[in-house]
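One-based numbering along the sequence shown.
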Amino acid sequence: MKRGAYLLLAAVLLVAVAAGAYVYRGELATRLLERAAAQGMGEALADDLPDGLHAIFCGTGSPLPDRTRAGPCLAVIAGDQLFVFDAGEGAAETLALMGVSAGDIEAVFLSHLHSDHFDGLAPLALQHWATASSREPLLVIGPQGASRIAAGLNEAYAIDTAYRTAHHGAQIMPPEGAGLIARELAVPAGSEAIVLHERDGVRVLAFAVAHPPTDAIGFRVEYGGRSVVISGDTVRSQSLALNARGADLLVHEALSPRLNAIMQNAANESGRENVGVIFNDILDYHTSPEDAGAVAQEANVGALALTHLLPQTPIPGLASTFARDARTTFEGPVWVMRDGDVISLPRTGGVERSHRLRF
Ligand SMILES: [Zn+2]
Ligand SMILES: [Zn+2]
């Protein structure tokens, strides 16, 4: 056979294989699901991590629309304890896709009561209840007003709760484990830190940050000689710099004034002045990447992780500008986080980064 005939035969075979794969794609996908489901059900992220402190990025976005980023959420595994700091929209979904079971959550800490930090709370409570047949509601710890939010969400979900217990039975969905239970805290004065949780070598501390008019708090989690500090939402904060001193990792929110100005101009030029005003207003209660870097430098932290990116970053490469700006003021490593990222601080030392989104 001539070379041309071989090529023709190869092309025909290729088309036939592709057509077969297309016709049977549903069957192929079903087989893949069998493997993925067995893995997904059987493997927990925690089983795959060394003893230590782990920052799990379950939401790196903001209230501005971005399909690639869930609302604000950071889960922390400290030894065998799991905490969640803020639960924005999509948080429960992202945690599930990372192999973190909501049924294992000890408490959700709310940094402040802006809705983008708790609008994923109800789905998280539902997962906490359903995945573990929990007999106690999901504990939420936050500033004054957290009880009102918990009560409101419990009421909004009361009909659904009754349906699910009626359908699956009280053994699988015990009614006493549905929803949320809240504990409120008074925001400490100045740069004082208070201990919110202490057990088996794990400490969670809270301190005031500045995000007026809300009562806003930042957190420090310590375990095994390692520490991670979480800014919550804040303008550049001296209290944060003091409480982050010597931490292995500072997780800081960031607003890029340059990118924000582009959004503000676009809003104004298209006649949406009200949106333009909002883009202007948010400048005074968030932190620029340069200032986040300056706080990290002042606190002498081991590394800086930027999250809660404002404005949204839908174009590849855009998020890297946040890191570039922060590097002008911080000499240590700076990372811009994505949903699904994990930063691990093993007891034995060092820092490891991985990406754990399964789908
Ligand atoms: Zn806020
Ligand atoms: Zn926010």
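Ala294 and Thr329 get closest at one heavy-atom pair: N-OG1, 3.3 Å. Taking both residues in full, the closest heavy atoms of Ala78 and Val202 are given as O-CG2, 3.6 Å, listed atom of the first, atom of the second, then distance. Nearest heavy-atom pair across Ser344 and Pro346 is O-CD, 3.4 Å. Among all heavy-atom pairs drawn from Ile141 and Leu185, the shortest one is CG2-CD2, 3.6 Å. Closest non-hydrogen pair, Tyr285 versus His114, comes out as OH-CE1, 3.4 Å. Contact detail for Arg220 and Val229: the closest heavy-atom pair is CG-CG2, 3.6 Å.
Using a 30° and 60° split on the angle between ring planes, His211 and His286 fall in the tilted class, from 30° to 60°.
With no hydrogens or angles considered, a side-chain donor-acceptor pair links Ser147 and Glu184 at under 3.5 Å. Residues Thr287 and Arg236 bring no donor and acceptor atom of their side chains to less than 3.5 Å of each other. Checked by atom type, the side-chain pair Arg356/Ser354 shows a donor-acceptor distance below 3.5 Å. Between the side chains of Thr313 and Arg69, a donor-acceptor pair is found at a separation under 3.5 Å. For the residue pair His112/Asp233, the side-chain donor-acceptor check at 3.5 Å is satisfied. Looking only at atom types and distance, the side chain of Glu93 has no donor-acceptor partner in the side chain of Gln127 under 3.5 Å away.
For Arg31 and Glu27, the salt-bridge test passes: some basic side-chain N is under 4.0 Å from an acidic carboxylate O.
The six-membered or imidazole ring of His197 lies away from that of Phe109, with a centre-to-centre distance of 6.0 Å or more. His252 and His308 have their aromatic ring centers separated by at least 6.0 angstrom.
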Apply side-chain contact (heavy atoms from CB on, under 4.5 Å) to the pair Met98 and Leu357, showing each step before the final yes or no. CA-CA 5 Å; Met98 294 179 76; Leu357 259 192; 3.9 Å; yes
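With sequence neighbours left out, the side-chain hydrogen bond (donor to acceptor under 3.5 Å, both in side chains) criterion links Arg199 to Glu106.
The cationic group of Arg347 lies under 6.0 Å from the six-membered ring centre of Tyr223 and within 45° of the ring axis, placing it in a cation-pi geometry. A cation-pi contact, defined as under 6.0 Å to the ring centre and within 45° of the axis, links Arg25 to Tyr22.
Here the options are Leu95, Leu74, Leu121, the test is side chain to side chain contact (heavy atoms under 4.5 Å, CB included), and the partner is Val84; only Leu95 passes.
Atom CG of Leu8 is separated from atom CZ of Arg3 by 13.0 Å, given to the nearest 0.5 angstrom.
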